[in-house]
Structures are given as structure tokens and as C-alpha cells.
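Structure first, commentary second.
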2 protein chains.
Amino acid sequence: MTVSKTASDAVKSPRTLRREPGDPAGDDAMLQLGELSGLLGYSLKRAQLKVFEDFLRCVAPLQLTPAQFSVLLLLDKNPGRNQTEIASTLGILRPNFVAMLDALESRDLCARMRSANDRRSHILVLTEKGRAVLARAKKLVANKHEARLIEVLGPANHAALLEMLAKLAYEF
Amino acid sequence: MTVSKTASDAVKSPRTLRREPGDPAGDDAMLQLGELSGLLGYSLKRAQLKVFEDFLRCVAPLQLTPAQFSVLLLLDKNPGRNQTEIASTLGILRPNFVAMLDALESRDLCARMRSANDRRSHILVLTEKGRAVLARAKKLVANKHEARLIEVLGPANHAALLEMLAKLAYEF
DNA sequence: GATAATTGTTATCGAGTATATCAAATATCG
DNA sequence: CGATATTTGATATACTCGATAACAATTATC
């Protein structure tokens with residue numbers, strides 16, 4: 001049984017090439033993904049990691065994670081909402097949203113204001129700096145991140161992909 | 001009903017307040033996703049969570065996670081490989097792969113065999129039970145999980161989606 | 001007014017991912 | 001040959017997320 005000799009640089013990163021059925025049996029280096037390449041969830045996860053990675057790179061100057069960016073976007077679009085409302089529409093559990101808000105508030109990107117009607121809840125607002133950072137982040141995301149995605153996929157495919165993902169995300 | 005929002009992107013928040021199907025009077029309006037619905041990464045993540053959720057449901061009788069299923073698939077398709085090779089092509093770091101293998105081995109789904117050529121490495125093999133479980137899992141995945149995805153998206157869209165995700169996952 | 005429900009919060013747990021390090025085995029090279 | 005470096009599996013550890021239970025303050029309900 002001839003075991004592998006050496007692949008000068010074994011694959012350390014998740015990136016591996018895929019091989020379709022009927023490919024030459026070039027053993028040694030590359031492993032056969034087999035049915036894995038037809039598994040939607042597998043490619044979905046891999047693609048999501050790559051896309052988030054690119055997002056982080058593009059928006060690195062502002063030190064914003066995808067989750068933080070989504071919070072700022074939502075606060076801007078929905079003023080006067082409390083923590084429960086913002087967290088739940090983002091699929092974040094209330095306990096986990098506390099630390100997230102703490103981080104944003106400590107950077108003076110948003111603020112909690114006690115509601116007059118209901119003194120239990122905190123009305124969330126973007127600060128001046130928060131709006132400025134969000135504006136810059138939007139530009140980076142549009143001009144660097146999404147632009148690259150559209151370039152790779154093509155505009156029509158990009159739109160089609162978005163529609164299908166939305167169907168899976170919200171109607172599945 | 002209460003609100004009807006403009007765009008076609010109807011948001012169904014993942015874990016939100018309980019809304020009974022016939023209960024209209026919920027005065028709490030739905031929040032605006034805004035630019036969030038155009039963010040590919042956002043829908044990508046959401047879709048991935050939903051798809052994995054469905055995978056777990058469909059394959060629940062066999063108690064296999066997506067990651068475990070991918071390992072079994074890879075072992076079946078690539079006999080004679082060691083831990084480093086299997087882990088790296090799946091994007092799993094070697095230290096984290098140890099516990100994963102322990103779990104599979106403790107269930108007698110696979111086994112580590114010391115290699116004769118290189119006594120450092122463990123050749124990974126599927127056991128008889130592992131092959132049987134994999135066969136059943138493949139059927140569940142194909143007939144329940146993927147079948148549902150194809151039904152929701154349509155066969156042509158499903159194929160197109162897979163292709164675009166592969167492009168993002170492996171060429172991005 | 002007594003009881004239930006909600007809001008933000010803390011504590012905690014488990015899963016997933018990352019790095020450093022180790023002993024054993026092997027490879028490399030002077 | 002033998003000294004050194006590299007590889008393999010493994011352990012320990014840490015950090016991020018996601019999930020649950022519980023609590024004080026406040027509000028809603030009966």
C-alpha cells in the first residue's frame with residue numbers, strides 16, 4: 001500500500017480543491033471531496049466563512065465585525081427601539097446582546113437611554129460618532145466588499161444568489 | 001393585519017416574540033432590515049444556520065452533526081489517509097480533530113490504525129458500523145434534507161446556487 | 001392589591017475555533 | 001554516522017458564540 005510521499009506543502013488552510021467525478025486520480029496530494037461537493041450546507045458554510053473573512057478585511061480600518069455592523073445598521077433604520085427588539089430581529093439572544101452593546105457603547109458608537117414610558121427598557125440610539133462610523137462602514141462595504149462579490153459572481157448571479165439565500169433564510 | 005412593508009423582503013425574525021398565526025393585533029411592528037437584506041454575508045449566515053438546522057433534523061435518528069457526516073464521507077472516499085490529511089481538507093485544525101475522532105471512535109464508527117510505514121501517523125478507517133451508518137445517513141440526507149432544498153429552490157436554482165457557493169468557497 | 005409578565009442583566013455552560021507546546025517518530029544534512 | 005529539524009498526534013488553554021437559568025426592577029393583569 002503506497003502511502004503518500006510528500007506533498008511539499010500540505011494543505012493547512014481550509015482551502016482545498018474540489019474534484020468532480022471523472023477527474024484524474026491524482027492521488028498523493030489532494031483528497032476527494034466526493035459527495036461533499038454536492039452538499040449544499042457544506043459549500044454554504046465554507047462560502048459564509050470566506051465572505052465574512054473578506055468583510056472583516058474590508059472594514060478592518062473601522063474595527064467592526066459583521067454582527068456589530070448589522071447592529072449599527074438596524075439602529076439607524078429603526079430609531080426608538082429597545083434592546084429586546086433589536087436583538088431579536090438579529091437573532092441574538094438578549095443575554096448575549098448585553099456585552100455586545102457594552103462594547104459599542106464603550107466606543108461611543110451608540111447609547112442606552114432610559115425610556116420615559118417604560119422605565120425597564122433602554123431606548124437605543126446611535127451617537128454622532130456612531131452615525132459617522134456607520135457611514136464610512138457602509139462605503140467600505142459597498143465599494144470594497146460587495147463590489148468584490150459582484151465582480152466574482154457577476155451582477156446577475158449576485159442578485160440571484162441573494163434572492164435564493166433570502167428564500168432559505170426566511171422561508172425555509 | 002398590521003403593517004405591510006414596502007419591499008419584497010419580508011423579514012421573519014428567527015427568535016422573536018411569539019406571534020400566533022391568527023393573532024393580528026400585535027402592535028409591535030416589524031423592524032426594518034434596511035440595507036441588511038442586501039448584504040450577502042448576512043443572508044448567507046442566516047441561510048447556513050437554517051440549512052444546518054434542517055440537516056440536524058433530517059439526520060437526527062443517526063445522531064450525526066454536519067461535521068461528523070463530512071468526516072465519514074471523506075473517510076469513505078479517501079481510504080488510507082491520516083488525521084492531518086483528513087482534518088486539513090475539512091478545514092479542521094489538528095488539535096480540534098482529536099476530540100472529534102475520539103467521539104466517532106467511541107461510537108465504533110471509525111478506527112485509528114498505526115501506520116506501518118510511519119509509526120507517527122494514524123491511518124483512519126471506517127468500521128463496518130461506520131459504513132452502515134454512513135449509508136443510512138446518505139439516504140436521509142438525499143431523500144429528506146437535499147430533497148427539501150431542491151423542492152424549495154427548484155432543481156435548476158439549486159444547481160446554480162451550489163455552483164455559486166462553490167465559487168465563493170473555493171475561488172474567492 | 002396580589003400575582004404574573006417583561007426588561008435588562010449576571011452567571012454559567014457547551015460548542016467551535018485558535019495557538020503554544022510536548023513526546024515520539026521520521027527526515028534532513030553536515 | 002549523528003546532530004538537528006520537521007512531522008504527527010495529542011494536551012492544555014483561551015476566546016468567541018450561542019443557549020439556559022435566575023434575579024431585581026418595573027409594568028401589566030386580574
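Chain A is the first sequence line, chain B the second, and so forth, proteins listed ahead of strands; every chain is numbered from 1.
Taking atom CG of B:Leu93 as the reference point, atom P of C:dA20 lies 12 Å away to the nearest angstrom. Look at CD on B:Glu53: it is 14 Å from C1' on D:dA19, rounded to the nearest Å. Rounded to a whole Å, the CG atom of B:Asn82 is 20 Å from the P atom of C:dA24. Atom CG of A:Leu49 is separated from atom P of D:dT16 by 17 Å (rounded to the nearest Å). A straight line from CZ of B:Arg94 to P of C:dA23 spans 20 Å, rounded to a whole angstrom. The CD-P distance, from A:Gln48 to C:dG16, rounds to 14 Å in whole Å. What separates CD1 of A:Ile92 from P of C:dT9 is a distance of 14 Å, to the nearest Å. Between B:Phe52 atom CZ and D:dG18 atom P there is a gap of 14 Å when expressed in whole angstrom units.
Between B:Met100 and the options B:Thr65, B:Ile86, B:Ile92, a side-chain contact (heavy atoms from CB on, under 4.5 Å) holds for only B:Ile92. When each of A:Leu73, A:Leu90, A:Leu165 is tested with B:Tyr42 by the rule side-chain contact (heavy atoms from CB on, under 4.5 Å), just one qualifies, namely A:Leu90.
Side-chain atoms of A:Leu62 and A:Phe69, non-hydrogen and from C-beta on, never get closer than 4.5 Å to each other. Put simply, the side chain of B:Leu74 reaches to within 4.5 Å of the side chain of A:Leu33, judged on heavy atoms.
Taking only side-chain atoms of A:Gln83, from C-beta outward, the nucleotide of D:dG9, D:dT11, C:dG8 with the closest atom is C:dG8.
Between B:Arg119 and C:dA25, a side-chain N or O to OP1/OP2 separation shorter than 4.0 Å is present. The shortest distance between the side-chain N/O atoms of A:Arg112 and the OP1/OP2 oxygens of C:dT9 is below 4.0 Å.
Along DNA chain D, the nucleotide nearest to B:Arg120 and the one nearest to B:Lys45 differ in position, and the one closer to the 5' end is contacted by B:Arg120. Looking at which nucleotide of DNA chain C each of B:Ala116 and A:Ser121 is closest to, the 5′-most match is held by A:Ser121. Between B:Ala67 and B:Pro95, it is B:Ala67 whose nearest contact on DNA chain C lies nearer the 5' terminus.
Take B:His122 and apply the side chain to side chain donor-acceptor pair (under 3.5 Å) test, not counting sequence neighbours, and it matches B:Gln83, B:Arg114.
When heavy atoms are screened at a 4.0 angstrom cut-off, A:Asn96 is found touching base atoms of the nucleic acid.
The neighbour count for A:Lys139 NZ, taken as heavy atoms of other residues, nucleotides or ligands under 6.0 Å away, does not exceed 12.
Note on B:Asp76 versus B:Arg131: no salt bridge recorded, every NZ/NE/NH1/NH2 to OD/OE distance being 4.0 Å or above.
Listed by residue number, the members of residues 97-109 of chain B with any heavy atom below 4.0 angstrom from DNA chain D are B:Val98.
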